[in-house]
Amino acid sequence: QVHLVESGGGLVQAGGSLRLSCAASGIIFPINAMGWYRQAPGKQRELVATIASGGSTNYADSVKGRFTISRDNAKNTVYLQMNSLKPEDTAVYYCLFQSYSQPGRPFNYWGQGTQVTVSS
């Protein structure tokens with residue numbers, strides 16, 4: 001079992017920056033992936049960025065060049081540096097932990113979500 005604790009959300013003006021953190025605890029398998037999804041009011045949850053334990057990353061087109069995902073494997077923590085924030089980035093951001101106890105068979109754990117609000 002994995003427990004996730006998110007932090008770093010808040011209110012910021014357009015053009016500003018925020019840094020989200022998500023720390024995983026519990027049974028951590030060495031092969032895993034962590035990432036961030038977000039859900040805006042009236043919209044479905046969408047991928048923001050992911051990073052595998054090996055370091056490979058994936059970003060949504062809407063955040064490329066503005067957001068940077070990173071991780072500290074020693075701390076089992078993933079970060080999302082968000083720069084040049086736009087009002088359309090406003091959403092609840094959820095941390096995702098994908099645990100690979102078996103090859104090709106991940107199990108997803110979700111954080112409680114942290115609110116990011118970007119004002120114009």
Side-chain angles (χ1 to χ4, degrees):
Q1 302 298 315
V2 175
H3 182 242
L4 304 175
V5 178
E6 302 178 27
S7 63
L11 174 64
V12 65
Q13 292 186 336
S17 299
L18 286 173
R19 190 184 192 221
L20 305 183
S21 298
C22 177
S25 62
I27 303 174
I28 307 299
F29 289 91
I31 301 176
N32 59 71
M34 301 188 76
W36 297 92
Y37 282 68
R38 66 187 182 187
Q39 186 168 21
K43 296 184 178 180
Q44 292 188 327
R45 183 175 56 187
E46 65 176 358
L47 180 146
V48 177
T50 60
I51 182 167
S53 53
S56 61
T57 59
N58 185 46
Y59 294 91
D61 289 340
S62 60
V63 306
K64 288 181 179 178
R66 300 188 298 119
F67 292 9
T68 301
I69 190 169
S70 62
R71 63 185 293 162
D72 185 335
N73 288 334
K75 297 180 179 180
N76 294 315
T77 300
V78 63
Y79 306 93
L80 185 67
Q81 179 66 46
M82 304 184 293
N83 298 326
S84 301
L85 283 163
K86 305 174 181 179
E88 51 262 46
D89 295 318
T90 295
V92 176
Y93 284 69
Y94 295 94
C95 177
L96 168 68
F97 184 92
Q98 292 185 323
S99 180
Y100 286 81
S101 60
Q102 297 290 334
R105 190 178 179 180
F107 190 90
N108 294 339
Y109 297 88
W110 294 95
Q112 80 282 359
T114 183
Q115 177 70 47
V116 172
T117 302
V118 184
S119 62
S120 60

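Computed over heavy atoms, backbone and side chain alike; hydrogens, waters and symmetry mates excluded. Positions are given from 1, in the same order as the sequence printed here.
Side-chain atoms of Arg71 come within 3.5 Å of backbone atoms of Ile51 as a donor-acceptor pair (strictly under, hydrogens ignored). In terms of modelled atom types and a separation under 3.5 Å, the side chain of Thr117 and the main chain of Leu11 share no donor-acceptor contact. Side chain of Glu6 to backbone of Cys95: a donor-acceptor contact under 3.5 angstrom is found. The backbone N or O of Ile69 lies less than 3.5 Å from a partner atom in the side chain of Tyr59, making a donor-acceptor pair. Remark: side-chain polar atoms of Ser84 are not paired, donor with acceptor, to backbone N or O of Gly15 under 3.5 angstrom.
Residues Val5 and Met34 fall into different hydrophobic clusters, defined by Ile, Leu, Val, Met, Phe, Trp and Tyr side chains chained together at heavy-atom separations under 4.5 Å. Under the 4.5 Å side-chain contact rule for hydrophobic residues, Tyr93 and Leu96 do not share a cluster. Hydrophobic clustering of Ile, Leu, Val, Met, Phe, Trp and Tyr side chains at less than 4.5 Å, counting indirect connections, keeps Phe67 apart from Tyr94. Hydrophobic cluster membership is shared by Leu20 and Val12, with clusters built from Ile, Leu, Val, Met, Phe, Trp and Tyr side chains linked at under 4.5 angstrom. Under the 4.5 Å side-chain heavy-atom criterion for Ile, Leu, Val, Met, Phe, Trp and Tyr, Tyr109 and Tyr79 are members of distinct hydrophobic clusters.
Residues Gln98 and Asn32 have side chains that never bring a donor and an acceptor to within less than 3.5 angstrom of each other. Between the side chains of Glu88 and Thr90, not a single donor N or O lies within less than 3.5 Å of an accepting N or O.
The list of salt bridge (charged side-chain N to carboxylate O under 4.0 Å, His left out) pairs with a residue in residues 46-61, not counting sequence neighbours, reads Arg38-Glu46, Asp61-Lys64.
Heavy atoms only, all atoms of each residue included: Ser120 and Ala14 are closest at CA-CB, 4.3 Å. When all heavy atoms of Ala40 and Ala91 are compared, the pair lying nearest together is N-CB, 3.8 Å. Residue Asn73 comes nearest to Ser53 through the heavy atom pair ND2-O, 3.5 Å, listed as atom of the first residue, atom of the second, then distance. For the residue pair Asn83 and Ser17, the shortest heavy atom distance occurs at OD1-OG, 2.8 Å.
Rounding to the nearest 0.5 angstrom, the gap separating the OG atom in Ser101 from the CZ atom in Phe29 is 5.0 Å. One finds the CG atom of Leu4 at 12.5 Å from the OG atom of Ser21 (value rounded to the nearest 0.5 Å). Rounding to the nearest 0.5 angstrom, the gap separating the CD1 atom in Ile28 from the CD atom in Gln1 is 11.0 Å. A distance of 14.5 Å separates OG in Ser25 from NZ in Lys75, rounded to the nearest 0.5 Å. With rounding to the nearest 0.5 angstrom, the OG atom of Ser7 is 9.5 Å from the CZ atom of Arg19.
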Would you please test Leu18 and Val116 for side-chain contact (heavy atoms from CB on, under 4.5 Å) and show each step? CA-CA 8 Å; Leu18 286 173; Val116 172; 3.8 Å; yes
Decide side-chain contact (heavy atoms from CB on, under 4.5 Å) for Met82 and Asp89; before the verdict, give the C-alpha distance in whole Å, the side-chain angles of both, and the deciding distance to 0.1 Å. CA-CA 9 Å; Met82 304 184 293; Asp89 295 318; over 6 Å; no
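Ring centroids of Trp110 and Tyr37 are separated by less than 6.0 Å, placing the two rings close together.
The salt bridge (charged side-chain N to carboxylate O under 4.0 Å, His left out) test applied to Lys43 returns no partner, not counting sequence neighbours.
Trp36 is listed as a side-chain neighbour of Val78, based on a closest heavy-atom distance under 4.5 Å.
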